[in-house]
Amino acid sequence: MKAIKTYQGKRVLVIGFGISGVNAAKVLVKLGAKVTINDLKESDDQTTINELKALGIRIIMGANPLSLADEGFDLVVKNPGIPYTVPLIAKFVTQGTPIITELELGAQIFEGQIVAVTGSNGKTTTTTLIQQMLAKESQHQVVAAGNIGVSVSQQAQMLTSEDTMVMETSSFQLLGAPTFRPHIAVITNIFASHLNYHGNRQNYINAKLNITRNQTKDDFLVINWDQEEWQELSRRTEAQVIPFSRENKSQAGAYQDHDQLFWQGEVVMSVADVSLVGPQNIENALAAIAVAKLSGVSNEAIREVLSSFSGVRHRLQYVMTAQGRKIYNDSKATDIEACEVALQGFNQPVILIAGGLDRGDDFSRLATVFKDHVKALITVGETKERLSQAGKQAGVPIVKESQDVITAAPMAWQLSEPGDVILLSPACASWDQFPSFEVRGDRFIETMETITGQKEEA
């Protein structure tokens, strides 16, 4: 950990009592700051509260008092998910108080090499693949952190200048990371997402591009080359651009040509040997291959990871095979694009469970994949009626409605036959019925375990 002097004697307000906020507060105390931590909600985690108080950290819970903005804080470290329109944050913005996220703080104190991944879809899978590939042949530690659920600042304290951190970074985190500079940055793709937070798509894109804003010619930007828009975005970097392309639109980096995956003209492995299903996972694999090859990883190590990797939980996760049916949990598919690419990954007939929070999306965009892949559609949640209509218009043979994934799972089982795929890929967020996509996916898996009498496969 770098012993930086930036925060010595500074008054810092940390907003958010989650993992990143608590760890940021602890690090700031080590760096000599006078820290206050605030959260809108009360916490019953008395152990953590007592630990923070013992460090001299002031704790204010149960409200975001506007009066905090009048206390003369030098810096605010904000939970990434809190919008800048929240009254307290907006007041700090108006005053010109610097606002950063824990990603920025963690990167400032980390001495080793940073690989950072962002994108609308595929971040977690790509981050995990990169971490596993780099760790295969490294003599030093290679860890994953960031939006993947592991605090960057906590990891930074335990690593040395010889180690590598592979960071999953969200647009929310990157907005508050003004000096962030990864040696290798990855953009998996950019669609329209989180527009209620960013206001419009251009703001969202600009936030994503913060991943490369501080890179120089000594750094690398690995970027998806399969859409002209993404190719154009690559002009907004000083880094060396390394494309990856499932559609073989460039051979300057990693790409697919027919049934083989290549790195700059050299065959790395066969597509058939990649254990993950779906075109989006071939893109994730290509992005990871590019980073691995830039880092000197052998083809053998890359093949080993890609041929055995079973997926990240809730992200087109293979759950089990039961009585000839393959069951997949893709609860993280919270938008139309993710559901679309999931369906494209299967040649077998699919019994699809979809639906959730209604954000006004146009589900007619799923018509082609519904027609080509879906044998039966079971819709749930706030969007069930609109998704059912889209399914019927697409000519899906069987369309039914259910309450939620727990009630839909036995319906899917009854409608399925040996050789079918049962897929949860909602195309919607979970918040109409579940606190998170993780909980939604867990309930689906638990229900399928009860129905089949089998446990999910590791």
Side-chain angles (χ1 to χ4, degrees), residues 1-2 19-20 23 27 102-119 122-170 173-174 177 180-188 211-212 215 218-223 239-240 242 244 253-254 261 263 268-269 274-276 281 283-313 315:
M1 167 177 159
K2 293 179 186 174
I19 294 172
S20 63
N23 281 299
V27 168
E102 186 260 354
L103 173 73
E104 168 79 3
L105 176 64
Q108 287 178 5
I109 64 171
F110 181 51
E111 297 178 285
Q113 179 168 284
I114 296 173
V115 177
V117 180
T118 198
K123 295 187 296 295
T124 302
T125 298
T126 303
T127 299
T128 308
L129 286 172
I130 292 170
Q131 185 272 327
Q132 291 192 11
M133 288 178 185
L134 269 55
K136 275 286 180 186
E137 296 180 338
S138 177
Q139 301 300 310
H140 305 283
Q141 290 193 72
V142 181
V143 302
N147 197 55
I148 202 166
V150 180
S151 166
V152 173
S153 59
Q154 183 181 35
Q155 290 287 354
Q157 296 176 73
M158 300 183 289
L159 300 174
T160 72
S161 59
E162 300 295 325
D163 299 326
T164 298
M165 205 183 314
V166 186
M167 303 179 186
E168 179 186 329
T169 62
S170 70
Q173 291 172 314
L174 290 167
F180 185 59
R181 179 192 167 188
H183 177 53
I184 304 177
V186 180
I187 299 178
T188 59
I211 197 170
T212 188
Q215 287 189 298
D218 297 322
D219 303 313
F220 299 94
L221 173 63
V222 174
I223 186 168
Q240 300 176 55
I242 307 295
F244 67 93
L261 302 183
W263 166 253
V268 176
M269 68 185 297
V274 178
S275 60
L276 295 171
N281 277 320
E283 292 179 3
N284 298 337
L286 288 168
I289 287 170
V291 175
K293 297 304 291 184
L294 289 171
S295 304
V297 177
S298 70
N299 289 347
E300 182 181 1
I302 291 170
R303 287 193 293 267
E304 208 172 312
V305 171
L306 287 176
S307 62
S308 61
F309 187 70
S310 60
V312 179
R313 192 169 180 84
R315 294 159 173 85

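The structure presented is a predicted model; accordingly, all values stated were derived computationally and were not measured.
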- Note on the structure: From the list Leu129, Val115, Val297, side-chain contact (heavy atoms from CB on, under 4.5 Å) partner of Val291 resolves to Val115
- What's the shortest heavy-atom distance between Glu102 and Ser151, and which atoms? OE2-OG, 2.6 Å
- Query: If every non-hydrogen atom of Ser275 is compared with every non-hydrogen atom of Ser307, which pair is closest and at what distance?
  - Reply: CB-O, 3.5 Å
- Query: Can you tell me if CD on Glu300 sees more than 12 non-hydrogen neighbours from other groups inside 6.0 Å?
  - Reply: no
- Task: With sequence neighbours left out, write down each residue that passes side chain to side chain donor-acceptor pair (under 3.5 Å) with Asp163, or none if nothing qualifies.
- Result: Thr160
- State, with a plain yes or no, whether a side-chain heavy atom of Phe244 is found less than 4.5 Å away from one of Val222. yes
- Query: Closest heavy-atom contact between Phe180 and Glu104?
  - Reply: N-OE1, 3.4 Å
- To the nearest 0.5 Å, how far apart are CD1 in Ile184 and CD1 in Ile242? 9.0 Å
- Distance-only polar pair, side chains of Arg315 and Thr125, donor-acceptor under 3.5 Å: no
- Nearest heavy-atom pair of Ser308 and Glu304: which atoms, and what distance? OG-O, 2.8 Å
- Task: Report the distance from atom CE of Met133 to atom OG1 of Thr128, rounding to the nearest 0.5 Å.
- Result: 11.0 Å
- Query: Would you say Ser170's side chain and Gln173's backbone share a donor-acceptor pair under 3.5 angstrom?
  - Reply: yes
- Task: Consider only side-chain N and O atoms of Thr164 and Gln113, and report whether a donor and an acceptor are under 3.5 Å apart.
- Result: no
- Minimal heavy-atom distance between Asp218 and His183, with the atoms involved, is O-CE1, 3.1 Å
- Query: How long is the gap from CD on Gln132 to CD1 on Ile302, to the nearest 0.5 Å?
  - Reply: 13.0 Å
- Query: Checking Lys293 side chain against Ile289 main chain: does a donor-acceptor pair fall under 3.5 Å?
  - Reply: no
- Judged by atom type as modelled, is there a donor-acceptor pair below 3.5 Å linking the side chain of Glu137 to the main-chain atoms of Ser298? yes
- Note on the structure: In this structure, OG1 of Thr169 is separated from CD1 of Ile148 (nearest 0.5 Å) by 11.5 Å
- Do you know which two heavy atoms are closest between Gln131 and Ala144, and how far apart they sit? CG-N, 3.8 Å
- Message: Within this structure, what is the CG-CZ distance for the pair Asn281 and Phe309, rounded to the nearest 0.5 Å?
- Response: 8.5 Å
